[in-house]
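A quick write-up on the structure given underneath.
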Amino acid sequence: MQSNPFNNLPKINKIEAINILRKPISEVKLLADYYKAVFHLANFPCEESEMVLIDFIKYEFEELEYKIAKRKAIEVLAIFDCKKAIPTIAGFLENDNNDDYLIETAIWSLGKLKCNDIDTINNICSILYKEFNNKRVVIQTLTNLGVKKEIDKIRSLSKDKQSTNGVKGASFAALIKLAGEEDKLSYLKDFLRLSNQNDRHCAVQDIISAGHLSVLPVLIKAPISPSFKLKAIDSLWINEVVFLENIN
């Protein structure tokens, strides 16, 4: 993985990180060391790192510092593309789990890992019908996995007055990508000019999810930072486009 120029955590090597993560919580002097260890182990993708992280997320400590490190570990496993972690991560979607942040991270990671287990996908779908703080990530994951079975529910969320702009935007992207409803592109274009900066940034991600190069001219003129514009161009641009007519 590339080095992070904003990495200001004290440096530790792979062996030190693994040793910390293998310690029972009673033997860790600073619980924040768990997060530090996970953060740095992300720089050492290998089977050993994967197994240590899988073992680490199986613990059930209640301390907040551990829970934060656990979520980071799940994220790192997804970045590692560690398919063997899918069953363990999928287990966090069970009904008795009341940690919304953990569930949110698990859903994102399962999407990143391209999980195709039917029972797990059904569990993700079921969250659309529950009280859940971040249905946006649920919709994004179903879109990423190409799951069409909840398209009617997603359509209803796009129209629900109680839905946030983030949920509506993700819903429009899903309808475009999964149901071919290209008329919803106009809503995403409008979202690029919402007064809230975070909503505009979410709209960029939704346009990327929808996969429509045609929106780029509007996006480039939108009041968003250049880094988001470059991300969209990098994600949507295809080499074949240079052969199209009227490309400027």
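The residues of the chain are indexed from 1 along the displayed sequence.
Each of Asp55, Leu53, Val28 was evaluated against Leu21; a single residue qualifies, Leu53, per the side chain to side chain contact (heavy atoms under 4.5 Å, CB included) test.
Ionic pairing of Lys112 and Glu75 is not present here: no N-O contact between side-chain nitrogen and carboxylate oxygen is shorter than 4.0 angstrom. Lys36 and Asp33 are joined by a salt bridge, as a carboxylate oxygen and a charged side-chain nitrogen come within less than 4.0 angstrom of each other.
Between Leu192 and Leu188, every side-chain heavy-atom pair lies at or beyond the 4.5 Å cut-off. No side-chain heavy atom of Leu31 sits less than 4.5 Å from a side-chain heavy atom of Tyr66. By the 4.5 Å heavy-atom criterion applied to side chains, Asp99 and Lys67 are counted as neighbours. Looking at Lys231 and Val204, their side chains never come closer than 4.5 Å, going by heavy atoms from C-beta outward.
Proximity of a side-chain donor or acceptor of Ser186 to a complementary backbone N or O of Asp183 within less than 3.5 Å is detected. Judged purely by atom type and a 3.5 angstrom limit, Arg136 uses its side chain to pair as donor or acceptor with the backbone of Cys202. Looking at Glu27, its side chain never comes within 3.5 Å of a backbone N or O of Pro24 through a donor-acceptor pair.
The heavy-atom pair separating Ile20 from Tyr34 by the smallest distance is O-CE2, 3.4 Å. Heavy-atom minimum distance, Ala106 versus Ile74: CA-CG2, 4.3 Å. Residues Lys70 and Ile57 share a closest heavy-atom pair of CE-O, 3.0 Å. In terms of heavy-atom proximity, Ser49 sits nearest to Phe80 at CB-CE1, 4.0 Å. The nearest pair of heavy atoms linking Glu50 to Leu77 is O-CD2, 3.7 Å. In terms of heavy-atom proximity, Ser195 sits nearest to Arg200 at O-NH1, 3.2 Å.
Connection of Tyr101 to Leu93 is not established within any shared hydrophobic cluster, with ILVMFWY side chains joined at heavy-atom distances below 4.5 Å, either directly or through further cluster members. In the hydrophobic cluster analysis, where Ile, Leu, Val, Met, Phe, Trp and Tyr join through side-chain heavy atoms closer than 4.5 angstrom, Leu64 is grouped together with Tyr35. Residues Trp237 and Leu230 do not share a hydrophobic cluster, clusters being chains of Ile/Leu/Val/Met/Phe/Trp/Tyr side chains in contact below 4.5 Å.
In this structure, the separation between CH2 on Trp108 and CG on Asn134 is 13.0 Å, given to the nearest 0.5 Å. The NZ atom of Lys168 sits 6.5 Å away from atom OG of Ser163, with the distance rounded to the nearest 0.5 Å. Separating the CD1 atom in Ile121 from the SG atom in Cys115 is a distance of 5.5 Å, to the nearest 0.5 Å. Leu113 CG to Asn144 CG: the interatomic distance, rounded to the nearest 0.5 Å, is 10.0 Å. To the nearest 0.5 Å, atoms CG (Asn196) and NE2 (His201) are separated by 9.5 Å. The distance from atom CD1 of Ile68 to atom CD of Glu63, rounded to the nearest 0.5 Å, is 12.0 Å.
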Show me the donor-acceptor pairs within less than 3.5 Å that the side chains of residues 207-228 make with the rest of the protein, sequence neighbours left out.
| residue | atom | partner | partner atom | Å |
| --- | --- | --- | --- | --- |
| Ser209 | OG | Gln205 | O | 3.1 |
| Ser225 | OG | Ser227 | OG | 3.1 |

For a quick test of your reading: what N or O donor-acceptor pairs under 3.5 Å do the side chains of residues 170-180 make, sequence neighbours left out?
| residue | atom | partner | partner atom | Å |
| --- | --- | --- | --- | --- |
| Ser171 | OG | Val167 | O | 2.8 |

Arg155 and Asp152: salt bridge (charged side-chain N to carboxylate O under 4.0 Å, His left out), yes or no, with the steps?
-> CA-CA 5 Å; Arg155 185 177 291 107; Asp152 288 339; 3.0 Å; yes

Does the pair Met51 and Lys84 meet the rule for a side chain to side chain contact (heavy atoms under 4.5 Å, CB included), with working shown?
-> CA-CA 9 Å; Met51 295 311 301; Lys84 57 180 169 287; 3.5 Å; yes

Test Phe92 against Ile103 for side chain to side chain contact (heavy atoms under 4.5 Å, CB included), laying out the working first.
-> CA-CA 6 Å; Phe92 301 131; Ile103 294 173; 5.6 Å; no

After noting the C-alpha distance and the side-chain angles of Gln140 and Ile107, does the key distance pass the side chain to side chain contact (heavy atoms under 4.5 Å, CB included) rule?
-> CA-CA 9 Å; Gln140 287 177 314; Ile107 291 171; over 6 Å; no

Please assess Leu142 against Ile124 for the test side chain to side chain contact (heavy atoms under 4.5 Å, CB included), listing each intermediate value before the final yes or no.
-> CA-CA 8 Å; Leu142 293 177; Ile124 295 173; 3.8 Å; yes

Please report the C-alpha distance between Lys14 and Asn43 in whole Å, then the side-chain angles of each, then the deciding distance to 0.1 Å, and finally whether the side chain to side chain donor-acceptor pair (under 3.5 Å) criterion is met.
-> CA-CA 8 Å; Lys14 175 184 172 182; Asn43 294 311; over 6 Å; no

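For Lys148, the NZ atom is loosely surrounded, since the number of other residues' heavy atoms within 6.0 Å does not exceed 12.
Aromatic ring orientation, Tyr59 versus Phe61: tilted (interplanar angle from 30° to 60°).
Under the salt bridge (Lys or Arg N to Asp or Glu O under 4.0 Å) criterion, Arg71 pairs with no residue at all, not counting sequence neighbours.
Within the cation-pi definition used here (under 6.0 Å to the ring centroid, within 45° of the axis), Lys153 qualifies as a partner of Tyr129.
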